[in-house]
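These notes concern the structure reproduced below.
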Amino acid sequence: MASATATARAEPGGREPDEEPQRRPLFRFGGSRLGGFILVLNLLSLLILFGGALAINEWRPGLIEARQESLTVQAELLANVLREEGVTRGEPTPELDPIRASIWLTDRFIPAGQRVRLYDVNGLLLVDSYQVTEAIGGRPLPDAQTAGTATEDAAKANLLSERRVARADSELAAEVAAALDGSPQSTLRRNESGDRVVSVSIPVRHVRQVLGVLTVESGDVDEILGAQRQALFPFALVALGVNLLGSLLLHLFVARPIMRLSAAADQVKLQRARAISLPDLEDRKDEIGDLARSLESMTDTLSTRMDAIERFAADVSHEIKNPLTSIRSALETLPLVKTDAHREKLTALLQQDVRRLDRLITDISNASRLDAELSRDRPRPVDLNRLLVDIVGVYETTAKPGDIPVVLTAPEQALRVMGRDGPLGQVFRNLIDNARSFSPAGGVVRVTLEDIGDDLPIRVRVEDQGPGIPAENLETVFERFYTSRPKGAVFGSNSGLGLSIVRQIVEAHGGRVHAENKSEGGARFEIVFPSVGRWS
């Protein structure tokens, strides 16, 4: 459609073409600042969590090993004390004295929470610190149940307890048997209650002969693991906080702005606004700002185009009404005419108005299809030499006596522009037709193609020998429905859309067009185009 709004904004966000583009940050994940921001937040929370887990995993084996080493030192010390206290005897046969051992292994020597057992060379238990201690062990009773509450089957409970005890005895027997072979043992196993314990078993010797095994175990494994879990909580809380903060920031900086843009778009859809305008979002330097600027530019362009369509429709209605009014008046007057001369005059006027109306409807149809044609056809190199030769050749072959001739001057080398040959041909035909309509009898329309070596190096001139254009109208001739014509020109031969279509097509191809008067008389229309490779 021929309108002044066909040329959209050259740069997104309303930036002028000659402005320098804004600098982008160096780190943009996938070309997106928000993408990088989201990635950094997620990686930070995961690194905190994984770092804490790795630290705990490294710390946990260290704690268990440190506990085993501590128990090993304690067991070796106890074994040395057993020898010094005479628990091990060598005359006449090396043996252990269980009575002395039971007297010595009391809770005065064994720290709370630890258990010491002494086995003979056959793996039989001689002394258990839990049996000789003066302390009474036990666990808190569970909370009382209300009447009628189902209780666990006693037989099933006893069976589970027996299996647990049997497994604990089996693991302990294996540890003691390995220690009787002469090598100290350190294990992590479960006791008769099902609790995990750190256990150390070392051989008890008299000189070099193994007389038994001393086993020291500590039941504070669960406390160690609980401490590890508590140590992991700060890392988990920090990671959770970072994730929550990231989610909040994403909501504030991404979700809410998009919701606002959606609401603004709905206002435009409901025709409560003509364009989206959210200045606080348009000032942002990220993708949300780009989106806000693009939506504002798009809706502003659509609003401008709608205004142009409304103006165009009003202009079309006005221009069509003029010949229709004249035709209706002539038809109403025709039956009243008495002489043939007056009847012929009215008939000529009717024919003139019909030609004017036909030309007007044709140009309106061409103008309405122009936007679709420019957007549908892909630009390609167009040889202006050949195009102008073909157009001028058509005028030469179809010329009738009295028609204004068209003369082409073009260089031998091909001058190519990036564009569409159909619309470009329409430009030159409109200019030539316009020049012929203003040329006097015996005049000539001259078309010149040349390379001027400028920023827009390809220039086309169309000159006539008519009366020229009033100085105040050199620019307004490109407005729609401009039909002011000099005295003596044929009325109704122009619709006033031809030059408007010319400017729209030329600017869509990256060129410029202007009109001027020649010093020797007549009008000159000059078009400049970028060459192939410079058009975008």
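Only heavy atoms go into these numbers, but all of them, side chains included; no hydrogens, no water, no symmetry mates.
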Roughly how far, to the nearest 0.5 Å, is CZ of R416 from CG of L384?
10.0 Å
R459: salt bridge (charged side-chain N to carboxylate O under 4.0 Å, His left out) partners, not counting sequence neighbours:
E450, E526
Who pairs with L295 by side-chain contact (heavy atoms from CB on, under 4.5 Å), at least two apart in sequence or on another chain?
L261, I276, L291, M298
Has T301 got a side-chain atom pairing as donor or acceptor with S297's backbone, closer than 3.5 angstrom?
yes
Heavy-atom count around R167 CZ within 6.0 Å, excluding the residue itself: above 12?
no
Give the intermediate values and the outcome of side chain to side chain contact (heavy atoms under 4.5 Å, CB included) for residues N191 and R115.
CA-CA 11 Å; N191 59 13; R115 184 177 183 179; 5.7 Å; no
Taking the side chain as C-beta and beyond, is there a heavy-atom pair between L211 and D120 under 4.5 Å?
no
I'd like to check R256 versus H251 (side-chain heavy atoms, cut-off strictly below 4.5 Å). Are they in contact?
yes
Let me see the working for R189 and S199 under side chain to side chain donor-acceptor pair (under 3.5 Å), right down to the final yes or no.
CA-CA 7 Å; R189 55 181 176 80; S199 177; 3.2 Å; yes
Mark yes or no for whether Q185, through its side chain, and S183, through its backbone, hold a donor-acceptor pair below 3.5 Å.
yes
Do S218 and R67 get their side chains close enough for a donor-acceptor pair, meaning under 3.5 Å?
yes
Are any of the side-chain heavy atoms of L456 and F529 separated by less than 4.5 Å?
no
Any L449 side-chain heavy atom under 4.5 Å of I458 side chain:
yes
So do the side chains of V513 and F478 get within less than 4.5 Å of each other, counting heavy atoms only?
yes
T72 side chain near V216 side chain, heavy-atom distance below 4.5 Å
no
Go through the steps to decide whether K285 and D290 satisfy the test salt bridge (Lys or Arg N to Asp or Glu O under 4.0 Å), and finish with yes or no.
CA-CA 7 Å; K285 306 302 181 184; D290 293 341; over 6 Å; no
Side chain to side chain contact (heavy atoms under 4.5 Å, CB included) between Y119 and L124, intermediate numbers included
CA-CA 5 Å; Y119 296 87; L124 299 176; 5.9 Å; no
Residue pair L71 / V198: nearest heavy atoms and the distance that separates them
CD1-O, 3.3 Å
Is there a side chain to side chain contact (heavy atoms under 4.5 Å, CB included) between L244 and V242? Walk through the geometry before answering.
CA-CA 5 Å; L244 292 177; V242 171; over 6 Å; no
For a quick test of reading the model, state the closest non-hydrogen atom pair linking L78 to V116 and the distance between them.
CD1-CG2, 4.1 Å
Closest contact, heavy atoms only, V213 versus S201
CG1-CB, 3.8 Å
Could you tell me the separation between the CZ atom of F253 and the CZ atom of R284, rounded to the nearest 0.5 Å?
7.0 Å
Testing the basics here: between A168 and R190, what is the closest heavy-atom pair and its distance to 0.1 Å?
CB-O, 3.5 Å
Check whether any side-chain N or O of R205 sits under 3.5 Å from a backbone N or O of G182 as a donor-acceptor pair, and report yes or no.
yes
What closest approach, in Å, do S186 and V200 show between heavy atoms, and which atom pair accounts for it?
OG-CG2, 4.0 Å
I'd like to check F428 versus I527 (side-chain heavy atoms, cut-off strictly below 4.5 Å). Are they in contact?
yes
Provide the full list of side chain to side chain donor-acceptor pair (under 3.5 Å) pairs with a residue in residues 258-269, sequence neighbours left out, each pair given once.
R260-D280
Rounded to the nearest 0.5 Å, how far does CD of Q114 lie from CD of Q74?
4.0 Å
Does one side chain, of S70 or Q68, offer a donor that lies under 3.5 Å from an acceptor on the other?
no
For L172 and T215, what are the C-alpha separation, side-chain angles and deciding distance, and is it a side chain to side chain contact (heavy atoms under 4.5 Å, CB included)?
CA-CA 9 Å; L172 179 58; T215 298; 4.1 Å; yes
Is there a donor in the side chain of T187 and an acceptor in the side chain of E171, or the other way round, less than 3.5 Å apart?
no
The reported gap from CD in Q426 to CZ in R420 (rounded to nearest 0.5 angstrom) is 13.0 Å
Rounded distance [0.5 Å steps], CD in E76 versus CD1 in I202:
5.0 Å
Please name the pair of heavy atoms, one in L281 and one in P257, separated by the smallest distance, quoted to 0.1 Å.
CD2-CB, 3.7 Å
Measure the spacing between CG of N385 and CD of E412 and express it to the nearest 0.5 Å.
10.0 Å
Quick one: are L415 and D383 in side-chain contact, heavy atoms under 4.5 Å?
no
